[in-house]
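In each ligand, atom 1 is the first atom listed, and ligand 1 is the first ligand listed.
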Amino acid sequence: MQPRILIIYTGGTIGMIEDPITKTLKPFNFSHLMENVPKVKMLHYQIDNIQFKPPLDSSDMNIDHWRHIAESIAKNYDDYDGFVVLHGTDTMAYTASALSFMLQNLAKPVIITGSQLPIGEVRTDGEENLITALQIAAEKHSDGRPMVQEVAILFENYLWRGCRSTKRSADHFNAFKSNNYPYLAKIGLGISYDLDALSRNHGRNLKLNLGLDTSVMCIDVFPGLTESTLRHLTHTPGIKGIVLRTYGAGNAPTAKWFTDAIRDTCERGIVVFNVTQCVNGSVHASRYLAGDILSTCGVVSGHDITFEAAITKMMHLFALNLSHDEVIRHLSVPLAGEMTITDR
Ligand code: ASP
């Protein structure tokens, strides 16, 4: 039987064309995109599509779009072997992270891809990315189980876990990377999968979590951050959770005004999640006094989670109407393979 794949086209550079007057790139429709990749027919797959109207520059992506993608996958889940989401690169890692929490217990591939150059350009990376994404979405083990059973980003030479990925380059074709988790597959002459890195579903049914609560924000520490700025930010009305982006292994200023402001924030019931500003490595809160103090204030370690996964995990958890302690308990453990716990 021909593999059946559903493409969800949200927009992004892959489908853009140049405005003849302003010369800026604007999203264009799905038929334009497919006309530029006639080779897709050589795959002999049955491909259907759902198209965002209008297609978006992914800078405009919001939680309603994420719900639309997740719902489209859940509604069509039994009818397709796999799903390919065509998406702009700018917020691709956020969408991949959000979908990882929204589509719980996935047993089929959700492969997100896009391109750095529009599909109509001679040197486009879009054609190769689209074709490889389709092939991965159709790939099965010899016993018929889907090879990929999670949300993943396919870009140029690598397949990455979605909730571990970050956009690392605005220029390079290899635009994504998972700095704290190995690639799921390497793409060269063939597609070579890392079976140990891929996630496996153990017979659980798909659970769709459409709730997302945007009462979250981020604070970056930097030398020069003042008490009044920190107090102002931590008193943002309606906020339930803060991703605190710290130095190195999860360190922040030890000055009393800083720790008092953070302790007071935690005591007011706001969840503070410690994520390192480093592109690689993990929070080890007890390694330095500067990190240990944060833990004693009530700050939760984000271990080696990406910012994209941290902020979307909070949105997901706050929407579940959990108690404050339950949110902290769930934040502290991996829910979709988004972090590795190396210390406590
Ligand atoms: N601005 C574009 C987008 O994210 C960039 C891209 O697709 O590469 O939609």
Side-chain angles (χ1 to χ4, degrees), residues 7-37 40 49-70 72 83-100 110-134 136-137 151-160 162-179 187 212 214 218 279 306-309 311-312 315:
I7 297 182
I8 301 170
Y9 171 56
T10 70
T13 297
I14 190 163
M16 290 189 184
I17 52 170
E18 198 179 86
D19 184 301
I21 299 160
T22 63
K23 303 286 176 208
T24 53
L25 289 173
K26 293 196 308 198
F28 207 60
N29 67 26
F30 186 73
S31 51
H32 154 81
L33 191 141
M34 291 310 268
E35 275 158 23
N36 279 282
V37 201
V40 165
N49 74 86
I50 291 174
Q51 184 178 169
F52 269 38
K53 291 199 177 81
L56 301 174
D57 183 305
S58 77
S59 317
D60 284 322
M61 197 56 67
N62 64 38
I63 63 166
D64 291 329
H65 301 123
W66 289 344
R67 288 195 182 113
H68 182 35
I69 301 170
S72 303
F83 302 85
V84 170
V85 180
L86 298 180
H87 196 289
T89 58
D90 289 345
T91 59
M92 189 181 284
Y94 291 89
T95 298
S97 298
L99 291 179
S100 303
V110 173
I111 311 299
I112 311 181
T113 195
S115 68
Q116 293 280 50
L117 285 175
I119 202 88
E121 292 219 4
V122 184
R123 288 183 53 254
T124 185
D125 51 332
E127 179 177 73
E128 209 173 287
N129 285 348
L130 172 58
I131 288 173
T132 310
L134 288 166
I136 292 172
V151 179
I153 289 182
L154 176 277
F155 227 84
E156 191 72 1
N157 297 116
Y158 297 97
L159 182 74
W160 304 107
C163 56
R164 290 284 196 155
S165 306
T166 300
K167 181 171 178 180
R168 66 156 167 190
S169 173
D171 300 325
H172 294 170
F173 283 154
N174 268 314
F176 286 85
K177 187 149 192 225
S178 156
N179 291 297
I187 291 86
L212 290 166
T214 53
C218 149
V279 290
T306 61
F307 173 69
E308 294 88 332
I311 201 94
T312 52
M315 289 185 197

**OP:** Would you please test D57 and S59 for side-chain hydrogen bond (donor to acceptor under 3.5 Å, both in side chains) and show each step?
**Re:** CA-CA 5 Å; D57 183 305; S59 317; 2.7 Å; yes
Original post:
Looking only at distance, does H87 have an N or O less than 3.5 Å from an N or O of ligand 1?
Top reply: no
Original post:
H87 pairs by side-chain hydrogen bond (donor to acceptor under 3.5 Å, both in side chains) with which of T95, T10, T13?
Top reply: T95
Subject >> atom 4 (O) of ligand 1 [closest protein heavy-atom partner, distance rounded to 0.1 Å] >> reply: S58 OG, 2.5 Å
Subject >> Heavy-atom nearest neighbour in the protein, as seen from atom 1 (N) of ligand 1, with distance rounded to 0.1 Å >> reply: D90 OD2, 2.8 Å
Original post:
When you measure from atom 6 (C) of ligand 1 to every protein heavy atom, which one gives the shortest distance, and what is it?
Top reply: T13 OG1, 2.8 Å
Original post:
Applying a 4.0 Å heavy-atom criterion (strictly less than), which segment of S115 is in contact with ligand 1: side chain, backbone, both, or neither?
Top reply: backbone
**OP:** Before giving the answer on side-chain hydrogen bond (donor to acceptor under 3.5 Å, both in side chains), spell out for H65 and N62 the whole-Å C-alpha distance, their side-chain angles and the decisive distance to 0.1 Å.
**Re:** CA-CA 5 Å; H65 301 123; N62 64 38; 3.2 Å; yes
Original post:
Should the ring pair Y9 and F30 be called parallel, tilted or perpendicular, given that the plane angle runs from 0 to 90° and is split at 30 and 60?
Top reply: tilted
**OP:** Note the single closest protein heavy atom to atom 8 (O) of ligand 1, along with its residue, its atom name and the distance in Å.
**Re:** T89 OG1, 2.5 Å
Original post:
Tell me, do L159 and I111 make a side-chain contact under 4.5 Å, heavy atoms counted?
Top reply: yes
Original post:
For ligand 1, which atoms, with element, lie under 4.0 Å from some heavy atom of G12?
Top reply: 7 (O), 9 (O)
